[in-house]
Amino acid sequence: GTASVTVTEPSIALIAPNGGETWTVGTSASVAWTSTGVVGNVDIDLSTDGAIFWTPLVSNTANDGSEIITVPNTPSTTSRIRVKQTSQGSPFGISTANFRIVNPNQPPTITTAAAANPSPVTGTSTNLSVLGSDDGGEAALTYTWTATAKPSGAADPTYSANGTNAAKNITATFSQAGAYAFQVTVRDAGNLTATSSVNITVNQTLTTVAVATSSASVAAGGTVQFT
């Protein structure tokens with residue numbers, strides 16, 4: 001009879017990351033793979049240029065199919081992982097497609113501090129403005145104004161907008177004269193914040209004149225007292 005022999009070549013295949021994932025610098029991430037016929041331990045390498053050059057991540061670790069690593073500070077949109085047999089450097093498996101390594105979300109910063117115009121306020125309203133910046137883009141920021149101090153008995157000012165991106169430039173309207181303090185909270189999509197403050201004085205504004213008098217006759221060229 002004829003005997004047939006099947007020879008299986010040693011191999012390693014990446015399960016994760018295998019393309020499309022996003023890793024964040026400084027966090028823990030999982031590398032997973034399968035292997036056939038691999039002898040001994042494996043090395044795990046990282047490429048940030050689409051599998052051209054490689055940097056060691058973990059050396060001589062057990063070939064048990066998984067490893068938790070700390071994501072290095074190498075932001076890239078063309079990252080790949082390679083798992084290879086430690087001895088001889090082969091066989092090896094590489095991520096099928098690129099994945100991303102990104103920096104962790106940073107809190108927003110105040111680019112232009114909170115301000116009021118006019119200040120002091122001579123009417124009943126003023127323009128409040130502020131501007132922030134963020135690694136996720138300014139358009140993703142929201143601005144929320146709060147009166148942290150106001151005259152005793154005064155109602156809260158009203159705002160033309162609040163809690164939205166448009167609230168970086170609003171009109172605040174007052175019902176009572178006095179000293180006010182405002183704080184604006186700038187918030188990004190990751191719920192991180194920055195704040196800025198401004199103090200405003202609203203001066204007394206004449207809005208009505210009430211005259212109390214009984215009927216009076218005034219001769220031409222004469223005067224009469226009104227109260």
Residues which pass ring-ring contact (aromatic ring centres under 6.0 Å, His included) with Y180, listed by chain and number, not counting sequence neighbours: F174

Any residue meeting ring-ring contact (aromatic ring centres under 6.0 Å, His included) with F99, in chain and number order, not counting sequence neighbours: W23

Pairs satisfying ring-ring contact (aromatic ring centres under 6.0 Å, His included), at least one member in residues 112-140, at least two apart: none

Pairs involving residues 143-171, ordered by first then second residue, that meet ring-ring contact (aromatic ring centres under 6.0 Å, His included) (sequence neighbours left out): none

Which heavy atom of [X] sits nearest to which heavy atom of [Y], and what is that distance?
X	Y	value
A116	S119	O-CB, 3.6 Å
S175	A155	OG-CB, 3.8 Å
P91	P10	CB-O, 3.6 Å
G123	V202	O-CG1, 4.1 Å
V198	A115	CG2-CA, 4.1 Å
P72	I101	O-CG2, 4.0 Å

Exercise: do T148 and Q183 side chains pair donor with acceptor under 3.5 Å: no

Flag for S90-Q88: side-chain donor and acceptor within less than 3.5 Å: no

Given 3.5 Å as the limit, does a donor-acceptor pair link the side chain of [X] with the main chain of [Y], or not?
X	Y	value
T142	T164	no
S95	A97	no
S47	F53	yes

Rounded to the nearest 0.5 Å, what separates atom [atom1] in [X] from atom [atom2] in [Y]?
X	Y	atom1	atom2	result
S129	N127	OG	CG	5.5 Å
N41	N60	CG	CG	4.5 Å
Q85	D43	CD	CG	9.5 Å
I52	R80	CD1	CZ	9.5 Å
L141	D134	CG	CG	5.0 Å
E67	L57	CD	CG	10.0 Å

Determine all donor-acceptor pairs shorter than 3.5 Å in which one atom belongs to a side chain in residues 29-39; sequence neighbours excluded.
| residue | atom | partner | partner atom | Å |
| --- | --- | --- | --- | --- |
| W33 | NE1 | N63 | OD1 | 2.8 |
| S35 | OG | N63 | OD1 | 3.4 |
| S35 | OG | N63 | ND2 | 3.0 |

side-chain contact (heavy atoms from CB on, under 4.5 Å) assessment of T61 paired with V42: CA-CA 5 Å; T61 190; V42 296; 3.8 Å; yes

Under 3.5 Å, sequence neighbours excluded: what are the donor-acceptor pairs made by side chains of residues 14-21?
| residue | atom | partner | partner atom | Å |
| --- | --- | --- | --- | --- |
| N18 | OD1 | T96 | N | 2.8 |
| N18 | OD1 | T96 | OG1 | 3.1 |
| N18 | ND2 | T96 | OG1 | 3.3 |
| E21 | OE1 | N18 | N | 3.3 |
| E21 | OE1 | G19 | N | 2.8 |
| E21 | OE2 | N18 | N | 2.9 |

Selection residues 189-199 - residue pairs positive for side chain to side chain donor-acceptor pair (under 3.5 Å), sequence neighbours left out: R187-N191

Whichever hydrophobic residues join I94 through chains of side-chain contacts under 4.5 Å: W54, F92

Residues clustered with L192, ILVMFWY side-chain links under 4.5 angstrom: none

side-chain contact (heavy atoms from CB on, under 4.5 Å) between T74 and L46, intermediate numbers included: CA-CA 10 Å; T74 54; L46 170 68; 3.6 Å; yes

Counterpart residues, salt bridge (charged side-chain N to carboxylate O under 4.0 Å, His left out), relative to D156 (two or more places apart): K150

Contacts of type salt bridge (charged side-chain N to carboxylate O under 4.0 Å, His left out), residue K168, not counting sequence neighbours: E138

Validation row: T171, T126 side chains within 4.5 angstrom (heavy atoms): no

Within-4.5 Å side-chain heavy-atom neighbours: T24 and V71: no

Test log, rule side-chain contact (heavy atoms from CB on, under 4.5 Å), inputs V184 and V130: CA-CA 8 Å; V184 57; V130 69; 4.0 Å; yes

Check against side-chain contact (heavy atoms from CB on, under 4.5 Å), T27 and V25: CA-CA 6 Å; T27 64; V25 170; over 6 Å; no

Cut-off 3.5 Å, no hydrogens considered: what does the side-chain donor-acceptor table look like for residues 102-109, sequence neighbours left out?
| residue | atom | partner | partner atom | Å |
| --- | --- | --- | --- | --- |
| N105 | ND2 | D188 | OD2 | 3.1 |
| Q106 | NE2 | P104 | O | 3.4 |
| T109 | OG1 | S133 | OG | 2.8 |

